[in-house]
Protein chains: 2
Amino acid sequence: MSPELDPPHGPRERLLAAACEAFREEGYQVSIDRIAARAQVARQTLYNHFHSKDALFGEVVRHSIQSVLVTLDGDGDVRATLLAFGDAYRARLLNPEGLAIFRTMVAEAPRFPELAKQFFRQGPYTTRKRLAKYLAQAMEAGELRKDDPDFAAEMLTAALIDLDRLRGLINLQTDLLKPTKTAQVVDCFLRAFAPEKDTP
Amino acid sequence: MSPELDPPHGPRERLLAAACEAFREEGYQVSIDRIAARAQVARQTLYNHFHSKDALFGEVVRHSIQSVLVTLDGDGDVRATLLAFGDAYRARLLNPEGLAIFRTMVAEAPRFPELAKQFFRQGPYTTRKRLAKYLAQAMEAGELRKDDPDFAAEMLTAALIDLDRLRGLINLQTDLLKPTKTAQVVDCFLRAFAPEKDTP
DNA sequence: AGACAGGTAGACTGCCCAGTCTACTTTTGT
DNA sequence: ACAAAAGTAGACTGGGCAGTCTACCTGTCT
């Protein structure tokens, strides 16, 4: 009857949490000893739960996928839905954790190609597919110009984060989450994908 | 009267070229010995020309900045100009060299923050500023909607590469440079930034 | 010929790291 | 209470790497 409280008590949970932070802050090259020390656990205990550093890294990455997934709820009108999505998307990907995961995955993609593919398929790709599905519905309903919904989703997600992610990846995190940015991008997107009605 | 031919003969040039390839292919963690071997030069010769690995890395990065700079020539109409720019921009940033530089700079930005800032300011930032300047002219001439030219430049550059760069950074380089993509993005951009003329 | 600048090979220091092994201690289930 | 399971500390192996140093070689200029 181990408690299994919210703050993790078992060494395995402590190790996962510690490894998550450590890889995030120092990248894959952080040493096993530092991870074990951060979890307040002996090195051998780490190897009792994860058979190698690579295995631990894989577990951490798979656990991190959920933290970059974003959902939509298509309640209000299109603009309101996209504003909510845009704010959530930017919040997820531009906070320090999202930036660190992106940095680490990009840096280690050559060493862990399958893991990187899995991450990007289950994370950003899934998010974009959800958005595309919503946009397809809006196109059907005549609320958006009839176009390729995957292309439209690509345009919106790119516009929402591309430059600000770059700013965050170096250090210029100043006013990253300027709240007007999402609305500016969404309105720009809505102009580009407004329903065709003018034939002057 | 050393020849100074096109293929570099001096050990310094050979070292720079070798280090450029080596850092590109294996990242910063490539060993000094591998760089020296690739340049067919003794390790001590490397240290005679560059006083540390970090110094060599800095030289290579500074040399690489020009390879991600893109210019515009505003000859034809706006669409033709942007198509030419878009093709050049995608070609520069999505080829293996551009992707490798991006990966390395993102990965090493925490270790070399000043170098990373310098790179992104003199590279992508400069390119975007050139584009913004052109867009501002087009806005003045009434060929584009009057809006913030920096924001417009951000939208176009993001749309041109964000997702395809991600694809390239993992491995799915298949049909990255699909030639219709640039036109698709530019036409989408032109819809979003068409001059305002309709007040129905 | 001889001096000198610059290249070379390789040993060497000092450091860090992944992963294993051993002997010891604590926790836990019954 | 006791035995099995799980954790601990630390030594140890084997390897890699940055950077220094020494002794040697080669070309060039005079």
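Quick note on labels: first sequence line is chain A, next is B, and so on, each numbered from 1.
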| said: Please list all pairs meeting salt bridge (Lys or Arg N to Asp or Glu O under 4.0 Å) that have one or both residues in residues 131-142 of chain A, counting only residues at least two apart or in different chains. | reply: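 Qualifying pairs, neighbours excluded: none.
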
Listed partners of [X] passing side chain to side chain contact (heavy atoms under 4.5 Å, CB included), at least two apart:
{"X": "A:Gln184", "result": "A:Lys181, B:Phe151"}
{"X": "B:Ala159", "result": "A:Met155, B:Val185"}
{"X": "A:Asp150", "result": "A:Lys129, A:Ala132, A:Asp148"}
{"X": "A:Thr104", "result": "A:Phe57, A:Glu108"}

| field | DNA chain D contacts among residues 41-56 of chain B, heavy-atom distance under 4.0 Å | value |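 The answer is B:Arg43, B:Gln44, B:Tyr47, B:Ser52, B:Lys53.
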
| field | All pairs passing ring pair (Phe, Tyr, Trp, His ring centres under 6.0 Å) where residues 114-146 of chain B contributes a residue, at least two apart | value |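 Pairs touching residues 114-146 of chain B that pass the test: none.
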
| request: Pull out every residue in residues 30-37 of chain A that has a heavy atom closer than 4.0 Å to any atom of DNA chain C, ordered by number, or say none. | output: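 Here the set is A:Val30, A:Ser31, A:Ile32.
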
| request: Taking only heavy atoms on the protein side, list every residue of residues 19-28 of chain B lying under 4.0 Å from any atom of DNA chain C, sorted numerically. | output: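 Contacts with DNA chain C under 4.0 Å: none.
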
| said: In this structure, how many angstroms lie between the C1' atom of C:dC17 and the CD atom of B:Gln29, rounded? | reply: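 Roughly 14 Å, once rounded to whole Å.
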
Considering only distance and modelled atom types, tabulate donor-acceptor pairs under 3.5 Å from the side chains of residues 63-77 of chain B, sequence neighbours left out.
| residue | atom | partner | partner atom | Å |
| --- | --- | --- | --- | --- |
| B:Ser64 | OG | B:Val60 | O | 2.8 |
| B:Ser67 | OG | B:Ser64 | O | 2.8 |
| B:Asp77 | OD1 | B:Ala80 | N | 2.9 |

| field | Between CD on residue B:Glu154 and CG on residue A:Leu166, distance to nearest 0.5 Å | value |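 Interatomic distance, B:Glu154 CD to A:Leu166 CG, rounded to 0.5 Å: 10.5 Å.
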
| Which residues satisfy the ring-ring contact (aromatic ring centres under 6.0 Å, His included) test with B:Phe102, sequence neighbours excluded? |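 B:Phe102: no ring-ring contact (aromatic ring centres under 6.0 Å, His included) contacts found.
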
| task | Quick one: list whatever passes salt bridge (charged side-chain N to carboxylate O under 4.0 Å, His left out) with B:Asp54, sequence neighbours left out. | result |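 For B:Asp54 there are no salt bridge (charged side-chain N to carboxylate O under 4.0 Å, His left out) partners, ignoring immediate neighbours.
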
